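Right, one structure below, let's go through it.
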Amino acid sequence: MAKQTKADILDAAELLFSEQGFTQTSMREITTRAEVNLASVNYHFGSKKNLIQAVLKRYFDILMPEVNTCLANNKVSSGSQGVATLLYALIPPMLKLNLLRPSGTAIFVQLLGRGYNETQGHLRRFIMNDYGETIRALVDAIQQCLPDLPQEELFWRLHFAMGSFVFSMASSRALTEIAESDFHKHVNIEEVISHLVPFVAQGVAGNLPTPQSKVSSFS
């Protein structure tokens, strides 16, 4: 019974967090949807922050072992093609999140986006403490594809790449509907990601801007 209650709380919180965001979702809304009292939430999770982390942990615990396997089997090649090859290899691990629930991949990325946009600093600490080894290995693998790219520049490019990914996944339903309306083609989530990979790979691996091409002022 306690196990089911905990699962009900997680399911309710996940749905509300993905739809409304972490900040806008109240504990009262979660308890109402889960049909439990606040004492049950406090018993199982202790705080809202712990509940947020537990919601994401269900996804990370599926994803990260798959990413580790992917990285172990990855053969490094240079440039945008190397980055693209690595990113394509990460698609099956991402899609495996759909086994947790329908549209699990999109929901997971929405939750990540919520955490980023709402400046949930505790989430970064949680992710790096529990899964930092895998994340660092992934960044290192991308760096190996781009050995001449400074780490600071890689940081910015990965930041922008994540933004593109989060936006695309958050609006995946709209994208598939537009593709069907305008091009008469049914597109699933895997195809959305496959279209995104070459764009992201080119952006991450693109040439460094020369000093002449940098905008130094608006005057």
Side-chain angles (χ1 to χ4, degrees), residues 14 18 53-113 115-116 123-172 175-176 186-208:
E14 178 186 300
S18 63
Q53 293 172 16
V55 165
L56 280 163
K57 179 177 171 59
R58 295 199 293 184
Y59 287 96
F60 277 118
D61 284 351
I62 294 172
L63 177 63
M64 289 311 196
E66 297 291 325
V67 173
N68 284 331
T69 300
C70 174
L71 293 174
N73 295 329
N74 181 60
K75 294 182 179 179
V76 177
S77 56
S78 61
S80 61
Q81 185 56 51
V83 176
T85 298
L86 175 58
L87 295 180
Y88 277 122
L90 292 173
I91 293 178
M94 287 297 300
L95 294 178
K96 196 165 186 179
L97 298 179
N98 290 327
L99 298 177
L100 183 60
R101 67 184 66 261
S103 302
T105 301
I107 292 171
F108 170 69
V109 178
Q110 278 185 306
L111 291 168
L112 283 183
Y116 188 81
L123 271 184
R124 187 180 189 282
R125 291 190 295 272
F126 157 68
I127 292 169
M128 294 309 296
N129 284 338
D130 287 34
Y131 310 102
E133 185 176 345
T134 300
I135 293 171
R136 285 187 288 269
L138 177 57
V139 173
D140 287 345
I142 296 173
Q143 183 79 72
Q144 289 177 46
C145 298
L146 308 167
D148 297 327
L149 189 68
Q151 287 188 346
E152 182 180 353
E153 182 66 20
L154 179 62
F155 161 78
W156 286 111
R157 295 187 184 190
L158 291 178
H159 165 79
F160 298 139
M162 178 58 73
S164 298
F165 186 59
V166 169
F167 172 79
S168 298
M169 291 300 97
S171 58
S172 59
L175 290 173
T176 57
H186 178 72
V187 179
N188 59 29
I189 193 71
E190 183 175 0
E191 289 177 277
V192 173
I193 299 174
S194 295
H195 282 293
L196 181 62
V197 164
F199 174 82
V200 169
Q202 288 290 338
V204 172
N207 293 332
L208 284 171

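Heavy atoms only: backbone and side chains are in, while hydrogens, waters and symmetry mates are out. Since we're looking at a predicted model, the values are computed, not measured.
- No side-chain heavy atom of Ile193 sits under 4.5 Å from any side-chain heavy atom of Leu90.
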Sequence neighbours excluded and cut-off under 3.5 Å, please list the side-chain donor-acceptor pairs for residues 136-146, or say none.
unit_1	atom_1	unit_2	atom_2	d
Gln143	NE2	Leu146	O	3.1
Gln143	NE2	Leu149	O	2.8

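- The nearest pair of heavy atoms linking Val200 to Ala161 is CG1-CB, 3.6 Å.
- Here the side chains of Leu86 and Leu71 are in contact, with some heavy-atom distance below 4.5 Å.
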Margin query: Quick one, Ile62 with Leu99, criterion side chain to side chain contact (heavy atoms under 4.5 Å, CB included). Give me CA distance, side-chain angles, the key distance, then yes/no.
Written below: CA-CA 9 Å; Ile62 294 172; Leu99 298 177; 5.9 Å; no
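- With a 4.5 Å cut-off on side-chain heavy atoms, Ile107 and Leu97 do not count as touching.
- Taken from OG1 in Thr69 to CD in Glu66, the straight-line distance is 5.5 Å, to the nearest 0.5 Å.
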*asked:* Please evaluate residues Leu63 and Thr134 with respect to the criterion side chain to side chain contact (heavy atoms under 4.5 Å, CB included), reporting the C-alpha separation (whole Å), side-chain torsions for both, the decisive distance (0.1 Å), and the verdict.
replied: CA-CA 10 Å; Leu63 177 63; Thr134 300; over 6 Å; no
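- The line from SG of Cys70 to CE of Met94 is 12.0 Å long, rounded to the nearest 0.5 Å.
- At a threshold of 4.5 Å between non-hydrogen side-chain atoms, the residues Phe108 and Leu111 do not count as touching.
- Evaluation of the side chain to side chain donor-acceptor pair (under 3.5 Å) rule for Gln53 yields His122 as partners, not counting sequence neighbours.
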Show me the donor-acceptor pairs within less than 3.5 Å that the side chains of residues 75-83 make with the rest of the protein, sequence neighbours left out.
unit_1	atom_1	unit_2	atom_2	d
Ser80	OG	Gln202	NE2	3.4
Gln81	NE2	Thr85	OG1	3.3

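- Looking only at side-chain heavy atoms (C-beta outward), Phe165 and Val109 come within less than 4.5 Å of each other.
- Nearest heavy-atom pair, Ser194 versus Ile91, reported as atom, atom and distance to 0.1 Å: OG-CD1, 3.8 Å.
- The minimum heavy-atom distance between Pro93 and Ala89, with the atom names listed, is CD-O, 3.3 Å.
- Under a cut-off of 6.0 angstrom, the local environment of OH in Tyr88 is crowded, with over 12 non-hydrogen atoms contributed by other residues, nucleotides or ligands.
- In this structure, CG on Asp148 lies 13.0 Å from CD on Glu153, to the nearest 0.5 angstrom.
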message = Apply side chain to side chain contact (heavy atoms under 4.5 Å, CB included) to residues Met64 and Ile135 and explain how you reach the verdict.
response = CA-CA 9 Å; Met64 289 311 196; Ile135 293 171; 3.8 Å; yes
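- Of the inter-residue distances, the one linking Ser18 atom OG with Leu112 atom CG reads 12.0 Å to the nearest 0.5 angstrom.
- Looking at residues two or more places apart in sequence or on another chain, you find a side chain to side chain donor-acceptor pair (under 3.5 Å) between His159 and Tyr116.
- Rounding to the nearest 0.5 Å places CG of Leu154 at 4.0 Å from CG of Leu158.
- Asn129 contributes a side-chain N or O that, together with a main-chain N or O of Arg125, makes up a donor-acceptor pair within less than 3.5 Å.
- Checked against salt bridge (charged side-chain N to carboxylate O under 4.0 Å, His left out), Asp61 has the following partners two or more places apart in sequence or in another chain: Lys57.
- The distance from atom OH of Tyr59 to atom CG of Leu56, rounded to the nearest 0.5 Å, is 9.0 Å.
- Counting only residues at least two apart or on different chains, the salt bridge (charged side-chain N to carboxylate O under 4.0 Å, His left out) pairs with a member in residues 97-108 are Asp11-Arg101, Glu14-Arg101.
- Classification of the Tyr131-Phe60 ring pair by plane angle, with boundaries at 30° and 60°, yields parallel.
- Counting only distance, with no hydrogens or angles, the side chain of Arg157 and the backbone of Gly206 share a donor-acceptor pair below 3.5 Å.
- Side chains of Pro150 and Trp156 form no contact here, defined as non-hydrogen atoms less than 4.5 Å apart.
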